[in-house]
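First comes the structure, then the notes that go with it.
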Amino acid sequence: MDLYTTAARYLDAFQANMKRNFRLIPNAEYADRRFPLYAMLEMEETATLLMKNGKSVFSYEFCYFDVCEQLDEDAVSYYCGVLDDIAAKYVPWTEPTHSFSMVSMVVLVDGAPDRALQKRIRKYKHEETRKRPKDGYGWCSCRLCIVDMSDGTCYTNKHGSALGNRTGITAKQIAGSL
């Protein structure tokens, strides 16, 4: 089965799993690209430990999915740049009720990245914390997850490990049925 057919099966399965929590947009446009899937989650936190001045706060997850035929240094740099740009443009920093945002990129590939790319993926880091009204509120972390569709293995940065655990299960199920 080719990469795009396997990726389509993966995205269908992942969407079915995410549908109850996430707002899903297929073929989402971002800048000069069209990504096969975009998922957005807005969650109201009402736990007293997270409340600000007695009011609930909001957490967000922005997640883009893509399929990449040839993962190389330029492609990894591009995906890291997209994550940085999303964090700058879409995180609602100016909202006093903003608690945190997770910005994620899941890239489906056919075959494991070489060791140099694995190291580059692990080392990618984008974290921000803002505490003043003029700068914004809350914190943000970016997660990068590269999924080898041939066996379901996930390669992630530090913050992407939880995302890898969630996305890898679906990838292993798809790879196991090939």
Determine the minimum heavy-atom distance between [X] and [Y], stating which atoms define it.
X	Y	answer
F22	A39	CD2-CB, 3.7 Å
R143	S104	NE-OG, 3.0 Å
A87	C140	CB-SG, 3.9 Å
S99	S59	CB-OG, 3.9 Å
H126	D84	ND1-OD1, 2.8 Å
C142	H159	O-CB, 3.9 Å

Exercise. Only pairs at least two apart or in different chains count here, so list each ring pair (Phe, Tyr, Trp, His ring centres under 6.0 Å) that has a residue in residues 65-87.
Key: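 Matches after skipping sequence neighbours: F14-F65.
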Polar side-chain atom of [X] near backbone of [Y] as donor-acceptor pair, under 3.5 Å:
X	Y	value
D148	T153	no
R34	N27	yes
N157	L144	yes
D85	A31	no

Between [atom1] of [X] and [atom2] of [Y], what distance do you get to the nearest 0.5 Å?
X	Y	atom1	atom2	answer
L83	Y64	CG	OH	10.5 Å
L41	M43	CG	CE	5.5 Å
L71	D110	CG	CG	11.5 Å

Under 4.5 Å between side-chain heavy atoms, hopping through other hydrophobics if needed: is there a path connecting [X] to [Y]?
X	Y	value
M105	V76	yes
V106	F35	no
V57	V91	no
V103	F100	no
L163	L108	yes

Is there side-chain contact between [X] and [Y], with heavy atoms separated by less than 4.5 Å?
X	Y	value
Y4	E69	yes
I146	T156	no
P92	S101	yes
E128	W139	no
R9	T6	no
R115	L117	no
M40	Y60	yes
L37	I25	no

Quiz item: Is it true that the side chains of R120 and S77 contain a donor and an acceptor less than 3.5 Å apart?
Solution: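 Yes, side-chain donor-acceptor contact under 3.5 Å.
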Quiz item: Have D2 and T5 got a donor and an acceptor in their side chains that come within less than 3.5 Å?
Solution: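 Side chains of D2 and T5: pair found under 3.5 Å.
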Quiz prompt | Ion pair check, E61 and R23, cut-off under 4.0 Å | solution =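 A salt bridge is absent here (no side-chain N lies under 4.0 Å from a carboxylate O).
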Quiz prompt | Parallel, tilted or perpendicular: rings of W93 and H98 (30°, 60°) | solution =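 Rings of H98 and W93: perpendicular, as their planes differ by over 60°.
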Self-check item: Mutual orientation of the aromatic rings belonging to F62 and Y38 [parallel < 30°, tilted 30-60°, perpendicular > 60°]
Solution: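 Taking Y38 first and then F62, their aromatic rings lie parallel (interplane angle under 30°).
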Quiz item: Is the NZ or CZ atom of R122 positioned over Y124's six-membered ring, under 6.0 angstrom from the centre and within 45° of the axis?
Solution: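 No, R122 and Y124 do not form such a contact.
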Practice problem: Verify side chain to side chain contact (heavy atoms under 4.5 Å, CB included) between L3 and V109, making sure each step is shown before the conclusion. | Solution: CA-CA 7 Å; L3 173 62; V109 299; 5.7 Å; no
Exercise. Show your reasoning for whether side chain to side chain contact (heavy atoms under 4.5 Å, CB included) applies to Y10 and M149.
Key: CA-CA 9 Å; Y10 173 86; M149 292 307 299; 3.5 Å; yes
